[in-house]
Every structure is written in structure tokens, then in C-alpha cells.
Visitor: 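I am attaching a structure below and will ask some questions about it afterwards.
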Amino acid sequence: MLNTRDILETITMIQDENLDIRTITMGISLLDCCDADIDRSCEKVYSKIYRLAKDLVRTGEEIERKYDIPIVNKRVSVTPIAMLAAVSGGDPVKYAKTLDKVAKDIGVNFIGGYSALVNKGFSAGDMALIESIPRALAETDFVCSSVNVGSTKSGINMDAVKIMGRVVRETAELTRDRQCIGAAKLVVFCNAPDDNPFMAGAFHGPGEPDAVINVGVSGPGVVRSALAKMPKDAPLDAVADTIKKTAFKITRMGQLVGAEASKALGVPFGIIDLSLAPTPAVGDSVAHILEEIGLEQCGCAGTTAALAMLNDAVKKGGVMASSTVGGLSGAFIPVTEDAGMIDAARKGTLTIEKLEAMTAVCSVGLDMIVIPGETPAETISAIIADEAAIGMVNSKTTAVRVIPAIGLKEGEELDFGGLLGNGPVMKVNTKSPQTMINRGGRIPAPLQSLKN
């Protein structure tokens, strides 16, 4: 039962500390939409998504009004489209345009799953979809794409890594008149989760049910506010305990919303992803949490240790509040979406090298980082390879979402607006990894993959 203090505390979190439900995402399996005729397959895709998700936005809005809880995004994720393209053949961009049309018709703000899973090699449909990504993201508005190039069990597909460096560049080039936005909707994963509700990396894994509701909760401002009330000489184990208790409170709200949405839509409740996903809004920053812990600025010495503690405490608190925590769950570090990260990057305190170290202990990877437009494809591939190696060896999800700012140089600014934010073009090491990337092949799985 909730007491008066709990209710007032939650109201304060929402009104003053940017607590929100970041997304309700409906995952939908499209395996029964496969057809040898691509046009017929697209018709099935549209029909199934519309039938299951047509009331998603309305339901989210009703829950918002009922509980006065902001639900920022309503989204859909689908089976990796490469699987459908394997059956139908043809131009996969037809699927992208179908997804874009149904997203607009049901009113969601993003639809994810223009994806391929190639961590051990390419199967039918994979290569065609990957090569079509630049056009698909340039010719649609709401479609998001992801490619999984590695895993702890299988190693890293370096042929896919090489291709994805080029695909990221081409995607940015085709959308250069829109702030290179296509690259901001493309994620390259290692150990991609099947139940991630956050874009741009969401897809509905082949082992998932026919349809499911996954909820992403976010409250960096709430955590920062809780830490601000602590004495500056409080020991770090007490800091971690405060973070755990705060994460518990945040997750409870997600549990309520997920259960309500599941009941209203007649779709099973899947997981709560308790990720501290920041926004450019003042007071809604993961970097500012790290600074509240005691750093002069995010990126200085001690940042990785503080982030490791934050990430672990968030997960521990969330698990206690729900039996269905999943997805990515932890702390995100997207540079352009975090006011504190933006400031640290502009001042040079936060570098790509430091961000890479931070990804070894947080929930995701190099996220929403703007790099010089002249960065070669093989350098982007090598950045992807580095992150995939961290994920593979540490048995965790890592990802790369970098935006080559075509026509811009280090220190200049790219501004997406909205939740995607803005940020400086960050320095990239200019020494070439071309010979290594051109070798292709596969980096074998690490010894810890042999766990069975």
C-alpha cells in the first residue's frame, strides 16, 4: 500500500525532478507475416502491426491522465526485418516504408526492427537489408535500424564490422541536409538484447512472444536530487545505498504503468528496463549524477569508478521492485542527449577514449557521439570493433551510435533538437586502422564463452 509520504514523494519526482516513463514499447512478432511475395508480406506486416498497436498511443495517454504520470514516448519494435527479407527477396526498403506508414497511422514516434543479426555470419536476407539501411533511413521518418555484429558466445563478425563502418557513413551522407539524422537512428550492437524498449536499438527478438509490452523508465534527475541531499562526506557505500532505494521507487512506477498498459491492450507484460536515460533538459543528466557523487566534471579521473557504482546500484534497486527487469537497465551515456555530457565534451574534459572506458561498466556503449564528417569508414569500423570487443569479453551489451557530421570539423556543433539534443563534433584519433579492418574474418569468441 502507498502512504501519503510515498504519494507526495512521487509527485515531487515528477514535477521537479524530471521523473517520467520514457517509453511504452509494444514488441510484435512478424514471423507469421513472411511471404514469398514481398508486396503481400508488406500487407501482412501493416495489417498485424495496425491491429495490435492501433490503441497503443491512446492507452498511454489514458494512463497519463489517470495517474498524472508523463509517458514521453509510445513505440513499436518488430522482428528483425532481415528474416522477412530472407523469405520474400526483393528490395527491403519496401518493408521500411511499410513500417514508416504504419508508425504514422498509429501515431507512435519511432518503430524499431529494421535489423539484422549477423554475429556469426550472414544468412539469407541479411546482406540485402544491411546494404539497404542508408536508403531506408533516408527515405523514412520514424524507422530505426540496428545490426548485431558480435556476441560473447560467437565472437565478432569482422566482415560485418567492416561493412557497417561504410553503412554508417553512407547513412549520414544521405541525410546530411537533415543534420545527418539517419546515423542517429542506426545502432551497431554486440550482445544485443531481444527485449530492449529503447530506440534506436529496439527489435523484437525471435525468442519473444507474439506480442508484448515493455516499459522503459528513466529518472536521472531523481537520483541526482537524492544524492544532493546527502552530506558531502557520506561514504560511497551510503551513496550506493541511496541510489538503490531511489531506483526502487522509480521502478515501482514503471511496474504500475506496464501492468495497466498490458491489461488495457490485452498483451502480456514483458519487462521493465530501468535505464537512467538522460535528456538535454537541465536537471536530467547522468553526468550531473556523477558530479554529485564528487567529480569536478564528468570525464575527469574517477568517472569510470563512479559510473560503475551508479550502474550497479540502479540494477540492484530495480530488481527489488519488479520481477521482470530486463532490456538494458542501468545508466546510459548518450553525449548529445545529456546536458552534463555536452558541457564536458565542449570543454574537452570528456573524450571518446574516456567514454570508451566508461562503456565497460555502464549499460550500453558509445552513444550519440558526433564525429568529424571526414572520418573514414574504416575508422568508424574500428570504433565499432573496439566496443564489440568490450561487450564480448565482459559478457555485456555494448553498442555504437556515432554520427559523422558531414561537412563539419572538430569543435563545430550539430543540433538535432528534441530528445536527440545537440553537441560538439568530438576529436577522433586520425591514425589509420585500415589494414586490420580490411582483413575481415572473425575474432574468435573468448574463453569465457565456454560456460556450459
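Remember, predicted model here, so these are calculated numbers, not experimental data.
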Visitor: Assess whether side-chain contact (heavy atoms from CB on, under 4.5 Å) is satisfied between Leu276 and Val223, documenting all intermediate values.
Guide: CA-CA 9 Å; Leu276 297 182; Val223 175; 4.1 Å; yes

Visitor: Are side-chain N/O atoms of Asn422 and Thr336 paired as donor and acceptor at under 3.5 Å?
Guide: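 No, no side-chain donor-acceptor contact under 3.5 Å.
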
Visitor: Any carboxylate oxygen within less than 4.0 angstrom of a Lys/Arg side-chain nitrogen, looking at Arg166 and Glu378?
Guide: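 Glu378 and Arg166: not salt-bridged.
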
Visitor: Has Asn394 got a side-chain atom pairing as donor or acceptor with Ile390's backbone, closer than 3.5 angstrom?
Guide: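 A pair under 3.5 Å: yes.
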
Visitor: Keeping the roles fixed (side chain from Arg178, backbone from Ala138), state whether a donor-acceptor pair exists under 3.5 Å.
Guide: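 Checking the backbone N and O of Ala138 against the side chain of Arg178, a donor-acceptor pair under 3.5 Å is found.
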
Visitor: Run the side-chain contact (heavy atoms from CB on, under 4.5 Å) test on Arg135 and Asp91 for me, step by step, so that the C-alpha distance in whole Å, both residues' side-chain angles and the decisive distance to 0.1 Å come before the verdict.
Guide: CA-CA 11 Å; Arg135 283 196 303 121; Asp91 183 2; 2.9 Å; yes

Visitor: Roughly how far, to the nearest 0.5 Å, is the CZ atom of Arg442 from the OG atom of Ser154?
Guide: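 Between Ser154 OG and Arg442 CZ, I get 6.5 Å after rounding to 0.5 Å.
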
Visitor: Looking at every heavy atom in both Gly254 and Val215, which two are closest together, and how far apart are they?
Guide: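 So the two residues come closest at O-CG1, 4.2 Å.
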
Visitor: Return yes if some donor-acceptor pair links the side-chain N/O of Lys396 with the main-chain N/O of Thr359 below 3.5 Å, else return no.
Guide: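 Yes: the side chain of Lys396 pairs with the backbone of Thr359.
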
Visitor: Run the side-chain hydrogen bond (donor to acceptor under 3.5 Å, both in side chains) check on Ser88 and Ser41 step by step: do they pass?
Guide: CA-CA 7 Å; Ser88 67; Ser41 183; 5.3 Å; no

Visitor: With heavy-atom distances below 4.5 Å as the criterion, would you say the side chains of Val335 and Val370 are in contact?
Guide: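 Side-chain contact under 4.5 Å: no.
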
Visitor: Within this structure, what is the SG-CG distance for the pair Cys144 and Leu186, rounded to the nearest 0.5 Å?
Guide: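 So the SG of Cys144 and the CG of Leu186 are separated by 9.5 Å.
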
Visitor: Should Phe198 and Asp273 count as side-chain neighbours, where that means a heavy-atom distance under 4.5 Å?
Guide: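 Yes, close enough: below the 4.5 Å cut-off.
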
Visitor: For Lys427, does the NZ atom have more than 12 heavy-atom neighbours from other residues, nucleotides or ligands under 6.0 Å away?
Guide: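 No, the 6.0 Å shell around NZ holds no more than 12 heavy atoms from other groups.
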
Visitor: Side chains of Leu137 and Ile133, heavy atoms from C-beta outward: is any pair under 4.5 Å?
Guide: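 Result yes, sub-4.5 Å side-chain heavy-atom pair found.
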
Visitor: Under a 3.5 Å cutoff, is there a donor and acceptor pairing between the side chains of Asn73 and Asn109?
Guide: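 Their side chains do contain a donor-acceptor pair, which is all the 3.5 Å distance test asks for.
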
Visitor: Can you measure from CD1 (Ile71) to NZ (Lys74) and round to the nearest 0.5 angstrom?
Guide: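 That separation rounds to 6.0 Å.
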
Visitor: Which atom pair, heavy atoms only, marks the closest approach of Ile24 to Gly60?
Guide: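 Of all heavy-atom pairs spanning Ile24 and Gly60, the closest is CD1-CA, 4.4 Å.
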
Visitor: Can you check whether Ile271's main-chain N or O pairs, donor with acceptor, with Asn214's side chain at less than 3.5 Å?
Guide: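 Yes; at least one donor-acceptor contact below 3.5 Å.
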
Visitor: State, with a plain yes or no, whether a side-chain heavy atom of Leu84 is found less than 4.5 Å away from one of Tyr95.
Guide: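 Leu84 reaches Tyr95 side chain to side chain.
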
Visitor: Mark yes or no for whether Gln448, through its side chain, and Ser395, through its backbone, hold a donor-acceptor pair below 3.5 Å.
Guide: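 Side chain of Gln448 to backbone of Ser395, a donor-acceptor pair under 3.5 Å: no, none is there.
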
Visitor: Show your reasoning for whether side-chain contact (heavy atoms from CB on, under 4.5 Å) applies to Phe189 and Val187.
Guide: CA-CA 6 Å; Phe189 276 114; Val187 182; 3.8 Å; yes

Visitor: Would Asn191 and Thr397 count as a side-chain hydrogen bond (donor to acceptor under 3.5 Å, both in side chains) if you check the C-alpha gap in whole Å, the side-chain angles of each, and the deciding distance to 0.1 Å?
Guide: CA-CA 5 Å; Asn191 289 322; Thr397 300; 5.9 Å; no

Visitor: Without swapping roles, check the side chain of Thr175 against the backbone of Thr171 for a donor-acceptor pair under 3.5 Å.
Guide: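 Checked: pair present.
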
Visitor: Rounded to the nearest 0.5 Å, what's the gap from CD1 on Ile403 to OG1 on Thr375? Could you check?
Guide: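 One finds 11.5 Å between CD1 of Ile403 and OG1 of Thr375.
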
Visitor: Considering all heavy atoms of both residues, which atom of Val93 and which atom of Ala136 are nearest to each other, and what is their separation?
Guide: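 Nearest heavy atoms, Val93 then Ala136: CG2-N, 4.1 Å.
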
Visitor: If you define the side chain from C-beta out and look only at heavy atoms, does anything of Lys354 sit under 4.5 Å from Met358?
Guide: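 With C-beta onward as the side chain, the pair touches.
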
Visitor: Would a line drawn from the ring center of Tyr114 to the ring center of Phe203 be shorter than 6.0 Å?
Guide: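 No, the ring centres sit 6.0 Å or more apart.
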
Visitor: Shortest non-hydrogen contact from Ser132 to Leu129?
Guide: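 Shortest heavy-atom separation between Ser132 and Leu129 comes out as OG-O, 2.7 Å.
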
Visitor: Roughly how far apart are Leu274 CG and Gln255 CD, rounded to 0.5 Å?
Guide: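 Output value for this atom pair is 11.5 Å.
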
Visitor: Would you please say whether a donor-acceptor pair under 3.5 Å links the side chains of Asn148 and Asn119?
Guide: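 Their side chains do contain a donor-acceptor pair, which is all the 3.5 Å distance test asks for.
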
Visitor: Which atoms form the tightest heavy-atom contact between Gly440 and Asp159, and what is the distance?
Guide: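 Heavy atoms of Gly440 and Asp159 come nearest at CA-OD1, 3.3 Å.
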
Visitor: Roughly how far, to the nearest 0.5 Å, is CE of Met341 from CG of Asp367?
Guide: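 If we round to the nearest 0.5 Å, Asp367:CG and Met341:CE are 10.0 Å apart.
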
Visitor: On a heavy-atom basis, which atom in Pro206 and which in Leu117 lie closest, and how many Å separate them?
Guide: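 What the structure gives for the nearest pair is CD-CD1, 4.4 Å.
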
Visitor: Short question: side chain of Thr140, backbone of Phe142 - any donor-acceptor pair under 3.5 Å?
Guide: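 Pair absent, no side-chain N/O of Thr140 close to backbone of Phe142.
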
Visitor: Got a donor-acceptor contact below 3.5 angstrom from the Arg22 side chain to the Pro197 backbone?
Guide: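 Answer holds: no.
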
Visitor: Between Thr152 and Met392, is there a donor-acceptor pair closer than 3.5 Å when you use the side chain of the first and the backbone of the second?
Guide: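 Indeed, once roles are kept as given, a pair shorter than 3.5 Å links the two residues.
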
Visitor: Salt bridge or not for Lys48 and Asp210, using N-O below 4.0 Å?
Guide: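 Between Asp210 and Lys48 there is a salt bridge, with a charged N closer than 4.0 Å to a carboxylate O.
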
Visitor: Before giving the answer on side-chain contact (heavy atoms from CB on, under 4.5 Å), spell out for Thr435 and Ile437 the whole-Å C-alpha distance, their side-chain angles and the decisive distance to 0.1 Å.
Guide: CA-CA 6 Å; Thr435 300; Ile437 295 303; over 6 Å; no

Visitor: Do Ser262 and Val267 have side chains that get closer than 4.5 Å, going by heavy atoms?
Guide: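 With C-beta onward as the side chain, the pair stays apart.
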
Visitor: When you compare the side chains of Asp126 and Ser123, does any donor N or O come within less than 3.5 Å of an acceptor on the partner?
Guide: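 Note: Asp126 and Ser123 side chains meet the donor-acceptor criterion.
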
Visitor: Using a 6.0 Å cut-off, check whether atom NZ of Lys104 has over 12 heavy atoms from anything other than its own residue.
Guide: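 Counting other residues, nucleotides and ligands, NZ of Lys104 exceeds 12 neighbours.
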
Visitor: Does Asp386 offer a backbone N or O that forms a donor-acceptor pair with the side chain of Glu356 under 3.5 Å?
Guide: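 A pair under 3.5 Å: no.
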
Visitor: So with a 6.0 Å cut-off around NZ of Lys120, is the heavy-atom count from everything else above 12?
Guide: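 No, NZ of Lys120 has 12 or fewer neighbouring heavy atoms, counting only those of other groups under 6.0 Å.
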
Visitor: Does Arg40 pair with Glu43 as a salt bridge, N-O distance under 4.0 Å?
Guide: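 Yes.
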
Visitor: I'd like to check Lys94 versus Asp39 (side-chain heavy atoms, cut-off strictly below 4.5 Å). Are they in contact?
Guide: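 Contact flag for Lys94/Asp39 side chains = yes.
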
Visitor: Would you say that Arg401 contacts Val188 through its side chain, given a criterion of any heavy-atom pair below 4.5 Å between the two side chains?
Guide: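 SC-SC contact between Arg401 and Val188 ruled out.
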
